[in-house]
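The sequence lines fix the lettering, A, B, ..., with proteins before strands; numbering per chain opens at 1.
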Amino acid sequence: MSVVVRFAPSPTGFLHLGGARTALFNWLYARHCGGRYLLRIEDTDRLRSTPEAIAAILEGLRWLGLEGDEPPVFQSERFPRHLEVAARLLAEGRAYRCWCTPEELEEMRARARAEGRPVRYDRRCRARPPDYVRPGVRPVIRLAVPTEGETVIEDLVQGTVRIANAQLDDMVLVRGDGTPTYMLSVVVDDHDMGITHVIRGDDHLTNAFRQLQLYRAMGVEPPAFAHIPLIHGPDGAKLSKRHGAVSVLEYREMGFLPEAMRNYLVRLGWSLGDREILTTEEMIAHFDIRDVGRSPARFDMDRLLHVNAHWLRQKPAEELVRLVEPFLARLGLVLDETGRRRLLDGMAELVVRARTLVELARGARVYVAPRPLAVDPRAAKFLDGANRGRLARLRAVLAEVDAWEPARLEEVCRAFAAREGLAFAKVAQPLRAALTGTTVSPPIFEVMRVLGREEVLARLDDAAAGRNPALQHAP
RNA sequence: GUCCCCAUCGUCUAGUGGUCAGGACACCAGCCUUUCAAGCUGGAAACGCGGGUUCGAUUCCCGCUGGGGACGCCA
């Protein structure tokens, strides 16, 4: 049997990390099995579904490389089919009209809760004759589920889970306004789309029992279920907005790489021995939904940063330049030919100091920012009167250096420090401040190499003359 | 309240009826060093508790505790 899976987000918000991981697991399972991975937009709640959310979700999936193998199915376009199934169930006596008002249901629930009974619909309308009518009320259609016995699910992740049918509700299939509910739509669509494996968050586990009853009522074979644990925040509660960024697109803005996101996400609940770093090919080769653990994982930003730093370093310099350009633009920096050349040349020493593209852009200003360089407060302290004079003397020496390469430059600078009666560090830090505008940078002779003699001399002139403005915004 | 799920270092996890319980992130120390990183070396750090079963339980069973999830004419 060929595997068909789907990712089915409801477009009431953005694609969050949990959804992204669910999509990833579906995608990996399909790729591993040589099956198909489909997308379905669950927009049955017309009031809360928005085009913006649909666009954001698809964009998030595109960024992560988890687009569907076929164009997405929009659930709302399949209403007629859903209603047709409901009508059939009604005709067959497997479903019935319920004339209870929301107020009555609320009262029912309140009383059940107060008395410590399960909070369920009491099925009072189930026994009414088919021609019963209650004036002024638009009935809903409910599924008549067994009240005795138990329902068992052989979940690929959760194992055998059983629940007493008394715990089940006669769920609403069609609302009073005649529109189908999620419960009905999901089952009909999964069946019609030929879904063989439903892989989703374990917040849906209890729904699965109800849905199983619907499959039976429809007389069709249910898919296999795999309910994966949710991602929790650092405090252990279900990941939500109060934990900070949850939309995957925010992670793109923070300078994370899609391959790093996939690598981080897949290791939450799934592992391959001791392996922490995995290529997408390796994931596909080894992933099995059956190996996913049952305990929920907490989101850990430090770990994500570490994984991202790793994948950043795998990239060739050319690609990093391309990737960092938009982040430079945000800092108000435009890449001209000189900046591009320097960035490419100095990238190796920049990337080991960055965990994200945002940090990379920050480090890149040394090669990209125009003269006279803005200087941050800490660097400014190194550019006092005494040091300016010293930098002017050093400038004269550097102007005459025979070979402009790091080892030679270091020799010359060390000799200069000795002549000034100073430890080398006392010369290096002011030099760094003048050349980079900061106190943190790649090795100073590397910076000089990349910048070239002319630019170095010009920056020293700026510093000696006190031309550098203060950096306006903290880098 | 009812039902369901979970439980190995702070975090992500590996693992076994007998292991020095392994790795990674984070943390600490040292080396390197012109700053910051990276890198290297070392360190601290876990089987929630109580009962069983067993020659022997982190591992199997039960209970407890703790955590999470679901209980909508939301999805």
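- Across B:A75, B:C73, B:C6, the shortest atom-to-atom separation from the side chain of A:Arg109 is found for B:C73.
- For the OP1/OP2 pair of B:U34 and a distance below 4.0 Å, the side-chain nitrogens and oxygens of A:Arg432 include no atom meeting the criterion.
- At the heavy-atom level, A:Asp169 lies nowhere under 4.0 Å from the strands shown.
- Residue-level contact check: A:Val172 touches the backbone only, with heavy atoms under 4.0 Å from sugar-phosphate atoms and none from bases.
- Here the side chain of A:Arg48 is nearest to one of B:U34, B:A7, B:C74, namely B:C74.
- The side chain of A:Asp302 lies closest to B:A26 when the candidates are B:A75, B:A26, B:U34.
- Between B:C6, B:U33, B:A24, one nucleotide has an atom nearer to the side chain of A:Pro296 than all others, and that is B:C6.
- Within 4.0 Å of A:Gln429, counting heavy atoms only, lie sugar-phosphate atoms of the nucleic acid but no base atom.
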Kindly determine whether A:Leu350 and A:Leu343 satisfy side-chain contact (heavy atoms from CB on, under 4.5 Å), including the steps that lead there.
CA-CA 9 Å; A:Leu350 290 177; A:Leu343 205 48; 3.7 Å; yes
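- B:A70: Watson-Crick or G-U partner is B:U2, with both key distances under 3.5 Å.
- Residues of residues 256-271 of chain A that place a heavy atom closer than 4.0 Å to RNA chain B, in numerical order, are A:Arg267, A:Leu268, A:Gly269, A:Ser271.
- For A:Arg175, the listed nucleotide lying nearest its side chain is B:C73; candidates were B:G69, B:G10, B:C73.
- Contacts of A:Val119 with the nucleic acid, taken as non-hydrogen atoms under 4.0 Å apart, include base atoms.
- The same atom, P, is picked in B:A26 and in B:G18; the two are 33 Å apart, to the nearest Å.
- Nearest to the side-chain atoms of A:Asp274 among the listed nucleotides B:G23, B:U34, B:G69 stands B:G23.
- More than 12 non-hydrogen atoms from other residues, nucleotides or ligands lie less than 6.0 angstrom from NZ of A:Lys315.
- In summary, the aromatic rings of A:Tyr264 and A:Phe299 are positioned with their centroids under 6.0 Å apart.
- Across all strands shown, A:Gly236 has heavy atoms under 4.0 Å from sugar-phosphate atoms exclusively, and none from any base.
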Chi angles and distances behind the side-chain contact (heavy atoms from CB on, under 4.5 Å) call for A:Asn308, A:Glu359
CA-CA 12 Å; A:Asn308 200 59; A:Glu359 291 180 358; over 6 Å; no
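- A:Arg124 is listed as a side-chain neighbour of A:Cys100, based on a closest heavy-atom distance under 4.5 Å.
- Residues A:Val447 and A:Ser441 come closest through the heavy atom pair CG2-OG, 4.2 Å.
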What nitrogen or oxygen pairs link the protein and nucleotides 36-45 of chain B at under 3.5 Å?
residue, atom, partner, partner atom, Å
B:C36, O2, A:Arg353, NE, 2.5
B:C36, N3, A:Arg353, NE, 3.3
B:C36, N3, A:Arg353, NH2, 2.8
B:A37, O2', A:Val352, O, 2.6
B:A38, O3', A:Arg313, NH1, 3.4

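- Residue A:Thr44 places at least one side-chain N or O closer than 4.0 Å to OP1 or OP2 of B:A75.
- Pairing of B:A21, defined by two Watson-Crick or G-U wobble distances under 3.5 Å, is not identified with any nucleotide.
- Note on A:Leu205: only backbone sugar-phosphate atoms sit closer than 4.0 angstrom, heavy atoms only; bases stay farther off.
- In this structure, A:Ile289 and A:Val157 approach most closely via the heavy-atom pair O-CG2, 3.5 Å.
- For the pair A:Arg162 and B:C3, the criterion of a side-chain N or O lying under 4.0 Å from OP1 or OP2 is not met.
- If you check B:U41 for Watson-Crick or wobble pairing at under 3.5 angstrom, you find it paired to B:A29.
- The side chain of A:Ala425 has B:U34 as its nearest neighbour among B:C3, B:U34, B:C73.
- At a threshold of 4.5 Å between non-hydrogen side-chain atoms, the residues A:Glu455 and A:Met448 do not count as touching.
- The pairing partner recorded for B:A7 is B:U65, the criterion being a Watson-Crick or G-U wobble arrangement whose two distances lie under 3.5 angstrom.
- Between the CZ atom of A:Arg138 and the CZ atom of A:Arg175 there is a distance of 12.5 Å, given to the nearest 0.5 Å.
- Side-chain N/O atoms of A:Arg303 include none lying less than 4.0 angstrom from OP1 or OP2 on B:A24.
- A:Phe445 comes within 4.0 angstrom of a nucleotide base, judged by non-hydrogen atoms across all strands.
- Within a 6.0 Å sphere centred on CZ of A:Phe14, heavy atoms belonging to other residues, nucleotides or ligands number 12 at most.
- Closest to the A:Ser295 side chain, of the nucleotides B:C73, B:A7, B:G69, is B:A7.
- Counting distance only, with no hydrogens placed and no angle test, the side-chain atoms of A:Glu276 and the base atoms of B:G23 include a donor-acceptor pair under 3.5 Å.
- Using the six-membered ring where Trp is involved, A:Tyr215 and A:Phe225 have ring planes that are perpendicular, over 60° apart on the 30 and 60° scheme.
- B:G67 has no base stacking with the ring of A:His232 when judged by centroids under 5.5 angstrom apart and an interplanar angle below 30°.
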